[in-house]
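Some notes on the structure that comes next.
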Amino acid sequence: MTTTAGIPEGWPTTEEQARARQDELRARLVLDEPGPPPGTGHVTGVDVAYDDESDVVAAAAVVLDAATLRVVAEATAVGRISFPYVPGLLAFREIPTVLAALGALDREPGLVVCDGYGLAHPRRFGLACHLGVLTGLPTIGVAKNPFTFTHDDPGSARGSAAPLLAGPDEVGRALRTRDGVKPVFVSVGHRVSLDNACAHTLALTPSYRLPETTRRADALCRRALKEATADARPA
DNA sequence: GCGACAG
DNA sequence: ATCTTGTCGC
């Protein structure tokens, strides 16, 4: 079943409000915990799909057993677009529906893997940080693109990494998850160290460039979006 | 001032 | 994110 998500009271309306909210919430970030060890407990992927025509957004949360990468729980939520896409403000577009999907799970999420960034963000408060602070859960971000950040080329072997840099600051890591394939861009969200975030990412990529969590969540939210838009528009 | 820019 | 056919390769 798919739950319905509304836009929370007090949700930012303008970019100025949204940026101010990020600056407030950043004070609650916890960056001095290592986080759960890879291969133990649960790992949960979250992702969102949009339909620009109808303004509908669908989110999915998929819980995997961290040791076997088997799916142990799934949930989806549907809502309306809560903010336009603005680079640096992605969280305001995705979080209400993601929270609804997470809340509908009947198992503990454990570590949450986001499709996007955490600390690698203009104000050091990307989607993964935001979701972590709001839920209290350990979170990391694994993105497909380097955004505005720079990095040297990691070695071509799986497991090779290079610092993801914002000027002099290491805000994440370009991590090769498959031999000879474009790296992914890992950054810390909340209550997880960067080393551990990379270890989790490697544990979640035995076969593909992207983490199993992201792949499962991506497939599920697309399915949920199709069903939601099909319901709204009969043939 | 003008682009570029996670999804 | 999303619009989209065929095609190369394991």
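Proteins come first, then strands; the chains are lettered A, B, ... in the order of their sequence lines, and each starts at number 1. Hydrogens, waters and symmetry mates play no part in the numbers below; they use all other heavy atoms, side chains included.
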(message) Starting the side chain at C-beta, find the nucleotide from B:dA6, C:dT2, B:dG7 nearest to A:Leu225.
(response)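 When the side chain of A:Leu225 is considered, C:dT2 is the closest of B:dA6, C:dT2, B:dG7.
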(request) Could you check which of C:dT2, B:dC5, B:dG7 has an atom nearest any side-chain atom of A:Thr148? (result)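 The listed nucleotide nearest to A:Thr148's side chain is B:dC5.
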Just checking [X]: base, sugar-phosphate only, or nothing, at a heavy-atom cut-off of under 4.0 Å?
X        : answer
A:Gly88  : base
A:Leu89  : base
A:Ala120 : nothing

Whole-Å distance between [N] [atom2] and [X] [atom1]?
X        : N     : atom1 : atom2 : answer
A:Asp47  : B:dG7 : CG    : P     : 9 Å
A:Arg222 : C:dT4 : CZ    : P     : 14 Å
A:Phe147 : B:dG3 : CZ    : P     : 18 Å
A:Asp51  : C:dC3 : CG    : P     : 8 Å
A:Lys144 : C:dA1 : NZ    : C1'   : 9 Å
A:Tyr117 : B:dG7 : OH    : P     : 7 Å
A:Asp52  : C:dC3 : CG    : C1'   : 10 Å
A:Tyr50  : C:dA1 : OH    : C1'   : 7 Å

(request) Inspect the contact between A:Arg26 and A:Asp23 and indicate whether a charged nitrogen and a carboxylate oxygen are less than 4.0 angstrom apart. (result)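 Salt bridge present between A:Asp23 and A:Arg26.
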(message) Under a 4.0 Å threshold between the charged nitrogen and the carboxylate oxygen, would A:Glu15 count as salt-bridged to A:Arg19?
(response)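 Yes, charged N to carboxylate O under 4.0 Å.
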(request) Tell me whether the centres of the aromatic rings in A:Phe147 and A:His121 are closer together than 6.0 Å. (result)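 Aromatic pair excluded; centres sit 6.0 Å or further apart.
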(request) Decide yes or no for A:Val112 and A:Pro138: does some side-chain heavy atom of the first lie under 4.5 Å from some side-chain heavy atom of the second? (result)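 A side-chain contact is absent here, since even the closest heavy-atom pair is not under 4.5 Å.
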(request) Mark yes or no: A:Arg173 above the aromatic ring of A:Phe185, with NZ or CZ under 6.0 Å from the six-membered ring centre and no more than 45 degrees from the axis. (result)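 No, A:Arg173 and A:Phe185 do not form such a contact.
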(message) Does B:dC5 have OP1 or OP2 under 4.0 Å away from a side-chain N or O of A:Asn145?
(response)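 For B:dC5, OP1/OP2 do not have a side-chain N/O of A:Asn145 under 4.0 Å.
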(request) Report yes or no: is the ring centroid of A:Tyr85 under 5.5 Å from the six-membered base ring centroid of B:dG7, with the two planes under 30 degrees? (result)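 Yes, aromatic ring over the base.
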